[in-house]
Trainee: 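Just dropping this structure here.
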Amino acid sequence: MSNTVVTKKRRWPYVLGGILALLVIIVAVALWRLDAILLKTARDQAATYSQKLGRPIEIGDISTKLFPTIGAEVENVTVGPAEGEELPLAQLASLDIRVAAGPLLSSRGKDIQVRNAEVSGLTVNVVRFPDGTTNVQRLMKRLEEQAPKEEEKPEEEQPPTDLSGVHVERAALTDGTIRFVDRSAGAQARELAVKDLDIEVKDLRAGKPLVIDLAAAVLADKQNLKIAVNAAPLPPTLIPTPERVTLKAERIDLAPLGPFLPPDVGLQAGTVDADWQADLGGAVPGGKGPTRLVGVVKALGLRFAGAEGGKALDVVLDTDVTGDVAVGDLALDKLNLDVGPASITGKGRVKGLLTEKPSVEGFELLGKNLDPAAIAEYYPPLRKQLNGMIAGPIGLAVRGSGTQDAQAIDIDVDLTPVRLRVPAQLSKESGASMKLSSRLTGAAASGGALRFTADANLDGVDLRPGLLVNKAPGQRMQVSAAGTYTPSKTGSGMKVDLPKLTANLLEDTVTGSASFALAGQGKKQTTTFAADVKSPKLDADALLMNEEEAMARTGGAPVPPPPDDPTRFNGYRGDIRFAIGALRYTKMDLSNVTGVVKMTDDLITVEKFSSGLYGGKVTADGTTVRLGPLPEKRPFDAKVKVEGVEMAEALTQFTPQKVMTGKFNGNVDVKGVGYTPDQLQQTLLGAINGNILGGTLLGKDLVAAVSEPLAKALPFAAKSLKSDQVTSLGDNLPFGVEIKNGVAQLERPLSWTRPEAALSFNGGIRLDGTLDLTGGVSLTPSTVKTLTLGKVTPPEAIPVGLKLTGKAWKPEVTGVDVKPAATTIAKLAASSLAGNLIGGERGKQVQAVIEGGEEKARAEAEAKKKELEAKAAAEKARLEAEAKKKAEDEAKKRLRGIFGGK
């Protein structure tokens, strides 16, 4: 029995081994099937992208691994040639990615430790064809053609991605090659290559410094180019902040690369040598500490197609420069930049420029022969890039000056010898005055801000090409400012304060103060500003170009609209305060103009505005407009209060001639979209309410206008009233209109009384000035008497209906209905004649009948009859009552006699 037990005990290793073997087989089969599934999926995707790129994409094999690292290796990937091409675009020997399985699984995907991510044997073939194009250019063109034509939507702000759980031990590109094949000469191709290309990153993770090394053999057998980028310890987002860039190049011959550069470059010869290092420090966003540039970069013998006389261009940068933007230190131990005939040289030191007392030691920065047009003789593509915008030597001089206790840096830029042609902005002829001078004198006593003064002379500049400022060459335009500049402590942003600001604009002068600040980056960037300006007088009509002048410069073409981007003002915050003694604007003369205008993004709010205008006063507190949409889609909300404004002057801004006189007190509260009459007729809504004091309607005497047809309609001689071509509106005419659908509709009838008539109208006025009013003129008895040459004096006013149409500045009286009035006057005339002929009571009765009183007489007769019948009935009842009482009294007496009573 014991032997049986021992035998059973020895069987378990075989059982366990069998299970393990089975598991290995299952895993192997699973991996084999997984590899097959992944390969099929990858090849299906490759087929899809082959159609898009017009190039076959092939994938050799995919193998996966699940333990101890989860990874995949992709082998033999090829992006083949397009139709008509021979060489593939790219070939990849292998792509290998390995991620530690244990941390990945235990952290549920939060701890990602990439052991290795390596691309090996990448070869890219850049082929230049006989037509001058390359296979890369053809690929980019195909991708551009297939890109969907969709409106670009603003990206939504996304929170930063936390990648602190990602750790890449090594990422590399090894043994890469970029082959350049030139077939432009026909069948015999020239080949060159950038070989042995290696890029490596190690220990990439949050909290660790980042180092990127690149090395390559550029047109050589051994590596002759090395670039290293060192970054500060990475944040959780893994977005690097570069601290140092090192460049080393050993005499690289650029001539073979010329055919593969864009054709407009035309590089034919040249070499590059470099041994240069940049410690970036605080010069980059997020960086800290001093910045230092040390070393030499030489690009010698650069020859370009089309250079005058085959001139060769030498570009040499030799630097030993140290600076610290945080405190304003700058040391130019060596600064030489030579670009052909042009050069910039610097020497000396500045210390503590952003402190209260800077120190300047022999500081000098000078420019010589800085003429872009002269450089373009060596480098013809620059001529196309400049497009004739600038030609002539730029004068540049920066020097330290002052005493030991009061040192400063003077900056002088002289563009007077330069010819400028900046499209849609400005132009200037050579020799016309244009200078900028500035002096930096250190930080304010409070610290942290650079004090400066600046003077700009723009007298020689023509700003009319910008179609905004109507400033011609020779007209005065000078700006002087004094203030402080404060860089942001975070390295992104700045603030400029200008407590003293003077601008001489043509014949006027504006003084005041201003400030401007930038903060944040990207979509979170904010622009904050403030200004407080004053001027005794300002002719904005002379300074600004009107639409007719702008179209004259464009040959009748409409002025280009602003960009169609409603978000372009996002982040703008500020306010402008102004006080102008006399302002000429859009042919209006305003006086004592004061106001506060606030901007929040694209919303402009007039918090305060007051001005004398047309003998009265106008305020516009609370008016708003949005600048983001295009002008025809720009909404506004106007709230205007008017006191004592002369109507005759005010309305001439909108009508070709005067419409009425008198003073206006009231409120204008309207809103709409757009600015042209056609747009406003569809969008303007609101109301206007107020009073016209001592007003007259010009161009038509309404009373005289109805008297003429009325006189002609009478059956006897009559005379129309003399026309004064004006209609008095009385001492105080209240009115209110509601604006809707392009019509200003009267909220209540417009009624007023004159000695000769009472007038009343209802209806509306279109925004183009067309009248549509219906009403009447009630002629007073004295007016009718005058009209009928004394024949008729009615007991009450005689109404005449009419319509008022046409333009407000040339009103037309139409639809005059004189028949009822003429009939009434004719009856009154006839009754008066009959009464005078018959005389007495009978004459009055006849007169009453002729005057249309027959029915009245009948009514009075009927009433008299009823009155008499009522009196008769009452008398009858009284008599009957008295008779009854008398009979009762007689009966009582008889009874007393019978019974012996008294």
Trainee: I'd like to know if the side chain of Thr554 reaches the main chain of Ala557, judged simply by a donor and an acceptor atom lying under 3.5 Å from each other, with no hydrogens or angles considered.
Mentor: yes

Trainee: Please answer whether the main-chain N or O of Gly474 pairs with a side-chain N or O of Asp459 as donor and acceptor at a distance below 3.5 Å.
Mentor: no

Trainee: Between Glu429 and Arg421, does any NZ, NE, NH1 or NH2 come within less than 4.0 Å of an OD or OE carboxylate oxygen?
Mentor: yes

Trainee: Among Leu583, Leu613, Val618, whose side chain to side chain contact (heavy atoms under 4.5 Å, CB included) with Met588 holds?
Mentor: Leu613

Trainee: Taking Glu738 for the side chain and Gly686 for the main chain, is one N or O donor matched with an acceptor at less than 3.5 Å?
Mentor: no

Trainee: Considering non-hydrogen atoms only, spot the tightest contact between Asn689 and Phe664 and give its length.
Mentor: O-CZ, 4.2 Å

Trainee: Could you state the interatomic distance from CD (Glu812) to NZ (Lys807), rounded to the nearest 0.5 Å?
Mentor: 10.5 Å

Trainee: Are Lys141 and Glu145 close enough, and set up right, to give a side chain to side chain contact (heavy atoms under 4.5 Å, CB included), and what steps lead you there?
Mentor: CA-CA 6 Å; Lys141 182 178 179 181; Glu145 291 173 350; 3.4 Å; yes

Trainee: Pro635: what forms a side-chain contact (heavy atoms from CB on, under 4.5 Å) with it, not counting sequence neighbours?
Mentor: Arg626, Pro629, Val673

Trainee: To the closest 0.5 Å, what do you measure between CD (Glu548) and CZ (Arg553)?
Mentor: 15.0 Å

Trainee: Could you please spell out the steps behind the side chain to side chain contact (heavy atoms under 4.5 Å, CB included) verdict for Leu498 and Phe452?
Mentor: CA-CA 9 Å; Leu498 301 173; Phe452 68 88; 3.5 Å; yes

Trainee: Would you say the side chain of Val625 lies within less than 4.5 Å of the side chain of Arg634, judging by non-hydrogen atoms?
Mentor: yes

Trainee: How many angstroms lie between OG1 in Thr805 and CG in Leu773, if you round to the nearest 0.5 Å?
Mentor: 9.0 Å

Trainee: At their closest point, which heavy atom of Asn470 faces which heavy atom of Gln475, and how far apart are they?
Mentor: O-OE1, 3.6 Å

Trainee: Can you confirm whether more than 12 heavy atoms, excluding those of Met140, are under 6.0 Å from its CE atom?
Mentor: no

Trainee: Could you tell me if the side chain of Leu702 sits less than 4.5 Å from the side chain of Phe761, heavy atoms only?
Mentor: yes

Trainee: So which heavy atom on Asp455 is nearest to which on Ser480, and how close?
Mentor: OD1-OG, 2.7 Å

Trainee: Just verifying a value: how many Å separate Asp601 CG and Leu627 CG, rounded to the nearest 0.5 Å?
Mentor: 11.0 Å

Trainee: About how many Å separate CG of Leu463 and CG of Leu458, when rounded to the nearest 0.5 Å?
Mentor: 7.0 Å

Trainee: Start with the C-alpha distance between Asp541 and Lys587, add both sets of side-chain angles, then the distance that settles side chain to side chain contact (heavy atoms under 4.5 Å, CB included), and finish with yes or no.
Mentor: CA-CA 7 Å; Asp541 282 353; Lys587 298 181 181 180; 4.2 Å; yes

Trainee: Show, in sequence, the C-alpha distance, side-chain angles and deciding distance for Thr527 and Phe516, and conclude whether the side chain to side chain contact (heavy atoms under 4.5 Å, CB included) test is met.
Mentor: CA-CA 7 Å; Thr527 302; Phe516 176 83; 3.4 Å; yes

Trainee: Check whether Arg383 reaches the backbone of Ala373 with its side chain - one donor and one acceptor, N or O, closer than 3.5 Å.
Mentor: no

Trainee: Within the 4.5 Å heavy-atom criterion, are Asn667 and Lys639 side-chain neighbours or not?
Mentor: no

Trainee: When rounded to the nearest 0.5 angstrom, what distance separates CG in Leu746 from CG in Asn762?
Mentor: 6.0 Å

Trainee: What are the two closest non-hydrogen atoms of Ala540 and Tyr585, and how far apart are they?
Mentor: CB-CD1, 3.8 Å

Trainee: Within a radius of less than 6.0 Å around CZ of Arg577, do more than 12 heavy atoms belonging to other residues, nucleotides or ligands occur?
Mentor: no

Trainee: Okay, side chain of Ser427, backbone of Leu420: is any donor-acceptor separation there less than 3.5 Å?
Mentor: no

Trainee: With a 4.5 Å cut-off on side-chain heavy atoms, are Arg573 and Met599 touching?
Mentor: no

Trainee: Is there side-chain contact between Val593 and Phe609, with at least one heavy-atom pair below 4.5 Å?
Mentor: yes

Trainee: When you measure from the side chain of Lys700 to the backbone of Leu804, do you find a donor-acceptor pair of N or O atoms at a distance under 3.5 Å?
Mentor: no

Trainee: With Leu733 as reference, evaluate Leu697, Leu693, Asn691, Leu750 under the side chain to side chain contact (heavy atoms under 4.5 Å, CB included) test and give the passing residue.
Mentor: Leu750

Trainee: Do you know which two heavy atoms are closest between Glu747 and Ala687, and how far apart they sit?
Mentor: OE2-CB, 4.0 Å

Trainee: Output side-chain donor-acceptor pairs under 3.5 Å for residues 507-515, partner residues at least two apart or in another chain, one line each.
Mentor:
from   : atom 1 : to     : atom 2 : distance (Å)
Asp508 : OD1    : Lys537 : NZ     : 2.4
Asp508 : OD2    : Asp539 : N      : 2.8
Thr509 : OG1    : Asn504 : OD1    : 3.1

Trainee: Do Trp752 and Thr727 come close enough that some side-chain heavy atom pair is under 4.5 Å?
Mentor: yes

Trainee: Within the 4.5 Å heavy-atom criterion, are Val469 and Arg464 side-chain neighbours or not?
Mentor: no

Trainee: Which pair of heavy atoms, one from Lys663 and one from Met647, lies closest together, and at what distance?
Mentor: C-CG, 4.3 Å

Trainee: Val606 and side chain to side chain contact (heavy atoms under 4.5 Å, CB included): which single residue from Val596, Thr623, Thr619 fits?
Mentor: Thr623

Trainee: Whether the side chain of Lys524 engages the backbone of Gly571 through a donor-acceptor N/O pair (distance < 3.5 Å, no angle test) should be reported.
Mentor: no

Trainee: Can you name the residues that form a side-chain contact (heavy atoms from CB on, under 4.5 Å) with Leu139, not counting sequence neighbours?
Mentor: Leu53, Arg55, Leu89, Leu143

Trainee: Is Thr661 reaching over with its side chain to a backbone N or O of Ala648, donor-acceptor style, under 3.5 angstrom?
Mentor: no

Trainee: With no hydrogens and no angle check, is any side-chain donor or acceptor of Asp565 less than 3.5 Å from a backbone partner on Thr567?
Mentor: yes

Trainee: Donor-acceptor check, side chain of Asp462 to backbone of Leu426, threshold 3.5 angstrom: yes or no?
Mentor: no

Trainee: Does a donor on one side chain and an acceptor on the other come within less than 3.5 Å for Ser610 and Thr594?
Mentor: no

